[in-house]
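Have a look at the structure below before the remarks.
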Number of protein chains: 2
Amino acid sequence: MASDDQAVPVFPKPVTLRDVAARAGVSVATASKALNDQGRMTAETRERIRETARSLGFRPNSLAQSLLRRRSFTVGLLTNDTYGRFSLPLMSGISDALVDAGVSVFLCNVEEDPRLGQLHVEAMLDKRVDGIIATGKRIDRHLPVDLSDLRVPVIYAFTQPDPDAIAFVSDDAGGARLAVEHFCRLGRRRIAHVSGPASFAVVPSRAQAYRDVLEEHGLPAMEPLLGSWSEAWGHEAVARLFDGGAEKPDAVFCGNDQIARGVIDALRERGLGVPNDVGVIGFDNWEIVAEATRPPLTSVDMNLAALGREAGLTLLSLVGGKPAAPGIRKLPCRLVVRQSCGHPMDG
Amino acid sequence: MASDDQAVPVFPKPVTLRDVAARAGVSVATASKALNDQGRMTAETRERIRETARSLGFRPNSLAQSLLRRRSFTVGLLTNDTYGRFSLPLMSGISDALVDAGVSVFLCNVEEDPRLGQLHVEAMLDKRVDGIIATGKRIDRHLPVDLSDLRVPVIYAFTQPDPDAIAFVSDDAGGARLAVEHFCRLGRRRIAHVSGPASFAVVPSRAQAYRDVLEEHGLPAMEPLLGSWSEAWGHEAVARLFDGGAEKPDAVFCGNDQIARGVIDALRERGLGVPNDVGVIGFDNWEIVAEATRPPLTSVDMNLAALGREAGLTLLSLVGGKPAAPGIRKLPCRLVVRQSCGHPMDG
DNA sequence: CGATTAAGGGAAAACCTTTTCCCAGCTAAG
DNA sequence: CTTAGCTGGGAAAAGGTTTTCCCTTAATCG
């Protein structure tokens, strides 16, 4: 048994402010002030203490600081997006905005499980997070947790907020406009729209933007084809669009990149060239999909990282005590042009 | 200015042990003991204190506990896998293993940036994480941070460990065996292997397993085709396999799901039926890809969530002071059978 | 009835840092 | 020489909890 001891690594005791003070021959109070640029002392004393701290490798214990300041420099990110398709770009933006302020992020995946949600929220609250950001995989659904009346500020990003909360979402309608207007500018005349289930809030909102833009350009709007978010539906939609006797579209704006992928593949199978015969634009700009289509897919990017940054910075200012008006802030999307949408048709 | 005040929400002061003690008419010491099932007191006193705590909604301040116990009940997960394709399943397993122990996870994406890595590691160390799990998007690469000589235990998962560290990785060779043996069992006789760049450690290791299994079954091994991890390479590989005059394969084992997808699509374009003419198996079991292929893709799953669980539990026991032998632990993969591999050929 | 012992509960230290006050010593003004 | 004022630095409280030790009271034993 005793011989096992050598196998368990022993970690050195962290050096405390006390150690620094003792080594420098001053009180902890003075040491603290020296390191924080506070209080009065000779420049020489201050530098001596600093040098001592450096040489000892002193790092202040964040827990002690937090306890005193009632601020832990941590925030929680709550999500139910297991695959992280939306959460991770968001997380990346949040982290980016916060890391320089010394704030770390707890990532909590609550799936669809209220018990798990409760568990995570309580754990975070106990750890005195400074705030919570809630996000999800669907913009029109609540997380399976109640975040009202928490003791900390809460910000919603890319998910349905409680009333009177602060929320950041992408401007879906604006994103759709970007795509359809791009087609118009390129000279496409018969632009179709293939999207997901009507039960998703983004679907009607993008569809409306689609209709609006076409009307503004005096072009005919076709009835949006609503189905599922899958490639398979993209295939089927192409069949519906091109099998009938009706006039064929020369462009398809898709509700996500997987549908777009299905559309592109189906078009090719029919001998229709993308983008020459039919232009295609997707939504989400999921690079792994968008770059694998042939040709590479033009797609609307929701700027999730930027959205995360905004959310992070806003939370930070909220934590700092600055008030912020409740409400929903829509952040613009961005069209990432690759090859599937084609070039101007006449030139 | 003053009228703005109503806009900033005021959060109620958390209730402390002191409050509970005062309300119950005992000292904080007694209150603490009552809530932690320690010390001696009448059952009646204990229950009264507990009831008071409940009614006040008391939750112990984790920071204070951590300070005292020198244990923060947090761990850090370090990754450079921006898209979270590998990190997130892992994270999910880790979180799963730890949440019941009240441990929360800091997720830190360090990209490929040593400065960012340093920043995150220092932030975590300052926050007195109990341990760190390092992971990445590639099993044979280091993160851009130095994790040796940290003051906390470190565990590597799905990434290259420092020597003498504890690491969990998936058993790639075993996974490859699973796939190839499955083909053999199904009666396939000419099994090809299409994989990624030789510079990835997993590539030769899976290729060797491929050769071994074929030899064990007395079947001919073809030279593995190495290229990139993309669909496009899957396409090209099919051209190479089926254009020459050589005998055509009746099965293709692919190094990842994207290659497999490319292979399946290319086979269909040539009029070859999957799985009847050619069976296909992928690697990674990335559901979003595996379920979108036609037919759905049979694939090797690396069990990353389970790997995460193991890593989490091991870290926990390490934090608890139990020694663990350094070294690399390989966890078995699992074959997820869908339709692309076909049924037994003769019956 | 006196002496032990056990039971119930409290005081205080400890964890580590920050911050507010205060004190001693010195200089300059009156 | 006295007094006010400044300077450099320290003591102590605060933040919230846990834990060790101690004290008081009641019960048991001889």
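Below, read A as the first sequence line, B as the second, and so on, with proteins coming before strands; counting in each chain starts at 1.
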Review point. Stepwise, does the salt bridge (Lys or Arg N to Asp or Glu O under 4.0 Å) test hold for B:Glu122 with B:Lys127?
Key: CA-CA 8 Å; B:Glu122 280 175 5; B:Lys127 294 194 173 88; over 6 Å; no
Point to revise | Residue A:Ala29, side-chain heavy atoms: nucleotide from C:dT19, D:dG15, C:dG9 that is nearest | key: C:dT19
Point to revise | Nearest-Å distance for atom pair CG/P, residues A:Leu63 and D:dG16 | key: 15 Å
Point to revise | Under 3.5 Å: donor-acceptor pair, side chain of A:Arg151, backbone of A:Leu125 | key: yes
Review point. Are side-chain heavy atoms of A:Ile132 and A:Val75 found at a separation under 4.5 Å?
Key: no
Practice item. Can you tell me the distance, in whole Å, between the CD atom of A:Gln38 and the P atom of D:dG10? Key: 17 Å
Review point. With a non-hydrogen cut-off below 4.0 angstrom, is A:Thr45 in contact with a base, only sugar-phosphate, or nothing?
Key: sugar-phosphate
Practice item. Take the protein atom CZ of A:Arg71 and the nucleotide atom P of C:dT17, then report the distance between them rounded to whole Å. Key: 19 Å
Check your understanding: Roughly how many Å is it from CZ in A:Arg40 to C1' in C:dA24, rounded to a whole number?
Key -> 13 Å
**Study point:** Minimum heavy-atom distance A:Thr159-A:Arg141, with the two atoms named
**Key:** OG1-O, 2.8 Å
Review point. More 5' along DNA chain C: A:Arg69 or B:Leu68, using each one's nearest nucleotide?
Key: B:Leu68
Exercise for review: Check every atom of D:dG15, D:dG16, D:dG10 against the side chain of B:Thr16 and return the nucleotide holding the closest atom.
Suggested key: D:dG16
Check your understanding: Taking NZ from A:Lys33 and C1' from D:dG8, how many angstroms apart are they, rounded to a whole number?
Key -> 9 Å
**Study point:** Residue-phosphate contact under 4.0 Å: A:Asn36 side-chain N/O, C:dT18 OP1/OP2
**Key:** yes
Point to revise | Value in whole Å for how far the P atom of D:dT18 lies from CG of B:Leu17 | key: 7 Å
Exercise for review: Have a look at A:Ser32 and say if it touches a base, only the backbone sugar-phosphate, or nothing, with a 4.0 Å heavy-atom cut-off.
Suggested key: base
Check your understanding: For A:Arg128 and D:dT17, what is the distance between atoms CZ and P respectively, to the nearest whole Å?
Key -> 7 Å
Review point. Could A:Arg23 and A:Glu51 be called an ion pair, given the rule that one side-chain N must be under 4.0 Å from one carboxylate O?
Key: no
Exercise for review: Please state whether the phosphate of C:dG10, meaning OP1 or OP2, lies under 4.0 angstrom from any side-chain nitrogen or oxygen of B:Thr30.
Suggested key: yes
Practice item. Rounded to the nearest angstrom, tell me the gap between atom CE in B:Met41 and atom P in D:dT18. Key: 12 Å
Check your understanding: Touch check for B:Thr42, heavy atoms < 4.0 angstrom, all strands: base, sugar-phosphate only, or nothing?
Key -> sugar-phosphate
